[in-house]
2 protein chains.
Amino acid sequence: MENSKGHTILIVDDEPDILEFLSYNIRKEGFKVYVASNGQEALRIVQQINPSLILLDVMMPVMDGIETCQIIRKDLHLNQPIIAFLTARTEDYAQIAGFEAGADDYINKPIRPRLLLSKIESLLRRIKTSTPKLDASILIDRDRFVVELNGESLALPKKEFELLELLASRPGKVFNRDQILAVVWGNETVVGERTIDVHIRKLREKLGDDYIRTIKGVGYTFQEK
Amino acid sequence: MENSKGHTILIVDDEPDILEFLSYNIRKEGFKVYVASNGQEALRIVQQINPSLILLDVMMPVMDGIETCQIIRKDLHLNQPIIAFLTARTEDYAQIAGFEAGADDYINKPIRPRLLLSKIESLLRRIKTSTPKLDASILIDRDRFVVELNGESLALPKKEFELLELLASRPGKVFNRDQILAVVWGNETVVGERTIDVHIRKLREKLGDDYIRTIKGVGYTFQEK
DNA sequence: ATTAATCGTTAAGAAATCATGAAGAAATGG
DNA sequence: CCATTTCTTCATGATTTCTTAACGATTAAT
């Protein structure tokens, strides 16, 4: 808890009430908080303060959250911040668009301060763990449709490759089944409940059991060792 | 990892910000890094430092990446470096032109430092393995439209030759059907789905089954044994 | 400990994709 | 123009990959 105090958090929402509510609650915990009321403004601020975490409302005038997120993710100069979307429970389409744009998490409105804060702690904890580890035991080569694992290269069938590619695109992030289906299978196709599991199993057969972890009731996550 | 530190890497991009970003990240790993902001400059530096790897932006003023690459590849005095293009995801036409010009790999912008570095490691690993092989089991002579296979020379019809030339230009890379069609047939002509297969088959009849591998659902790849 | 929910595993059938052979078009070269 | 080669198409068979479905194992909740 105490080492999180150094982090800077940017909150972006077009409703002043929410901004105030959130910033009050988060400041109270000792974080540095900045606010913006639309995407454009957010981008300006991000450039200057380089926050650790951004809470980003999806629905906003001028520039919505998805777009803002995409722009940030493309900006090479940024120390890529963790981005969590704020969504109304009804906007689940946003989840799919959102993590394609590079989101790390979702926080559903209405927001409970206690839950929010523990989520923030949990997200910030990732920063230490996910950065270094350059021994890159696994490398995914989109060109060759091949995965290099400890120097050996491994050809994967299409679906397996795409699934691994998705999971490995954000190590540590947990993808739920809907998200996986949306990206690997496409939003229209309907496949049975166990299909994903079978592909996961084949991947584990080939990679070993150490890379893909199951989070029961939630989804799967990729991690290097 | 430690023997990679001796390598010299040249980065070529016209945007100073990207140059700085890349050189910072790559230097941090212990490589010797040089930079150039256009093709002309790159050529001068290449002559002097003889780098192991060049990261080459495609879009540049004065002399673009493709042209630069071609010139380097034609220069027999150079210890041919590995060349990877930096491309925006939208410039896929560049991939086609690029590997015809002799590129070894592509790195898509926006660039993620972690992925970049592991890709660099992987590319440099090739140096040891790919250089010797004087038993050159296959040799493609673009001028004569002839392939020498284990000492015997083999005349190929145009389409077969171009197809083989494409595949062999980047051993290990998987070319999908669209890419093959674009290069061998040209982007306008429309041919049936099975046409490529037939030519592949004829090549396999003549070369043996060991050179061209099918990646189902993806494409074909050339590999020596 | 029992139950309910979720995930793992396996094998078999379905679907997608590719290989192959043959035959006719198109191109090429005399 | 004809003969030959090369290219393409099409039909059929083979193979790989994908999906399903049944059942067992694990986990979480009561």
Side-chain angles (χ1 to χ4, degrees), chain A residues 142 144-147 154-167 174-223, chain B residues 142 144-147 153-167 173-223:
Chain A
R142 293 153 168 63
R144 295 166 198 269
F145 249 78
V146 148
V147 174
L154 184 64
L156 294 179
K158 202 169 155 199
K159 279 278 188 297
E160 282 168 47
F161 185 87
E162 288 174 346
L163 175 55
L164 177 62
E165 188 182 21
L166 171 64
L167 294 180
V174 179
F175 292 87
N176 68 37
R177 281 155 190 277
D178 289 341
Q179 294 172 327
I180 292 172
L181 287 177
V183 175
V184 178
W185 275 263
N187 246 323
E188 332 72 32
T189 43
V190 179
V191 291
E193 268 298 308
R194 298 267 70 70
T195 301
I196 292 175
D197 309 31
V198 173
H199 286 282
I200 290 281
R201 175 175 152 271
K202 298 210 157 176
L203 279 176
R204 295 213 256 232
E205 268 177 13
K206 291 168 185 169
L207 303 177
D209 291 345
D210 300 329
Y211 290 96
I212 299 172
R213 195 155 59 94
T214 305
I215 311 294
K216 224 165 187 177
V218 187
Y220 295 94
T221 183
F222 177 91
Q223 50 180 15
Chain B
R142 286 156 224 267
R144 299 167 202 279
F145 255 73
V146 153
V147 173
S153 73
L154 185 63
L156 292 179
K158 195 170 157 203
K159 279 279 187 298
E160 283 168 46
F161 184 85
E162 288 175 346
L163 175 54
L164 177 62
E165 186 183 21
L166 171 64
L167 295 179
K173 169 167 169 52
V174 179
F175 293 86
N176 66 36
R177 281 156 191 275
D178 289 341
Q179 292 173 323
I180 293 173
L181 287 177
V183 177
V184 179
W185 274 263
N187 247 323
E188 332 72 33
T189 43
V190 180
V191 290
E193 268 298 307
R194 300 266 69 72
T195 302
I196 292 175
D197 309 31
V198 174
H199 287 279
I200 291 281
R201 177 177 145 264
K202 299 211 157 178
L203 279 174
R204 293 213 256 233
E205 270 176 11
K206 291 166 185 170
L207 303 176
D209 290 347
D210 299 330
Y211 290 96
I212 299 171
R213 193 156 60 96
T214 304
I215 311 293
K216 235 170 182 173
V218 187
Y220 295 95
T221 183
F222 177 92
Q223 49 179 17

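Below, chains carry the letters A, B, ... as their sequence lines are ordered, and counting in each starts from 1.
By the side-chain hydrogen bond (donor to acceptor under 3.5 Å, both in side chains) test, A/Arg177 is found to be paired with A/Asp197, A/Tyr220, residues two or more places apart in sequence or in another chain being considered. Under the side-chain hydrogen bond (donor to acceptor under 3.5 Å, both in side chains) criterion, A/Glu160 pairs with A/Lys206, sequence neighbours left out.
Between atom CG of residue A/Leu163 and atom CH2 of residue A/Trp185 there is a gap of 5.5 Å, rounded to the nearest 0.5 Å. Taken from CG in A/Leu156 to NE2 in A/His199, the straight-line distance is 12.0 Å, to the nearest 0.5 Å. Summarising the geometry, atom CG belonging to B/Leu164 is positioned 5.5 Å from atom CG belonging to B/Leu203; distances are rounded to the nearest 0.5 Å. Between atom CG of residue B/Leu167 and atom CD1 of residue B/Ile212 there is a gap of 5.5 Å, rounded to the nearest 0.5 Å. Between the CD1 atom in A/Ile180 and the CD1 atom in A/Ile196 there is a gap of 5.0 Å [rounded to 0.5 Å].
Atoms NZ (B/Lys206) and P (D/dT5) sit 12 Å apart, rounded to a whole Å. Distance, A/Glu193 CD to D/dA21 P: 12 Å, rounded to whole Å.
Classified by interplanar angle (parallel below 30°, tilted 30° to 60°, perpendicular above 60°), the ring pair B/Tyr211/B/Phe222 is parallel.
You can see that DNA chain C meets the heavy atoms of chain A within a 4.0 Å-exclusive cut from C/dT6 to C/dT10, reading 5' to 3'.
Using a 4.0 Å cut-off between a side-chain N of Lys or Arg and a carboxylate O of Asp or Glu, A/Glu205 and A/Arg201 qualify as a salt bridge.
Two residues, A/Pro157 and B/Arg194, neighbour DNA chain D, and the one matched to the more 5' nucleotide by heavy-atom proximity is B/Arg194. Both B/Lys158 and A/Arg177 sit near DNA chain C, but only A/Arg177 has its closest nucleotide nearer the 5' end.
Between A/Ala155 and B/Arg213 the shortest heavy-atom distance is CB-NH1, 4.0 Å. In plain terms, the two heavy atoms of A/Val191 and A/Thr195 that are nearest each other are CB-OG1, 4.0 Å. Of all heavy-atom pairs between A/Gln179 and A/Leu166, the closest is O-CD2, 4.5 Å.
Of the residues in residues 213-221 of chain B, those with a non-hydrogen atom less than 4.0 angstrom from any atom of DNA chain C are B/Thr214, B/Lys216, B/Gly217, B/Tyr220. Within residues 197-205 of chain B, the residues having any heavy atom under 4.0 Å from DNA chain C are, by residue number, B/Asp197, B/Val198, B/Arg201, B/Arg204.
Across its full length, the helix from C/dA1-D/dT30 to C/dG30-D/dC1 shows an angle of 40° between the axes of its 5 terminal pairs at either end, rounded to 10 degrees.
Close to D/dC18, at under 4.0 Å from its OP1 or OP2, lies no side-chain N or O of A/Trp185.
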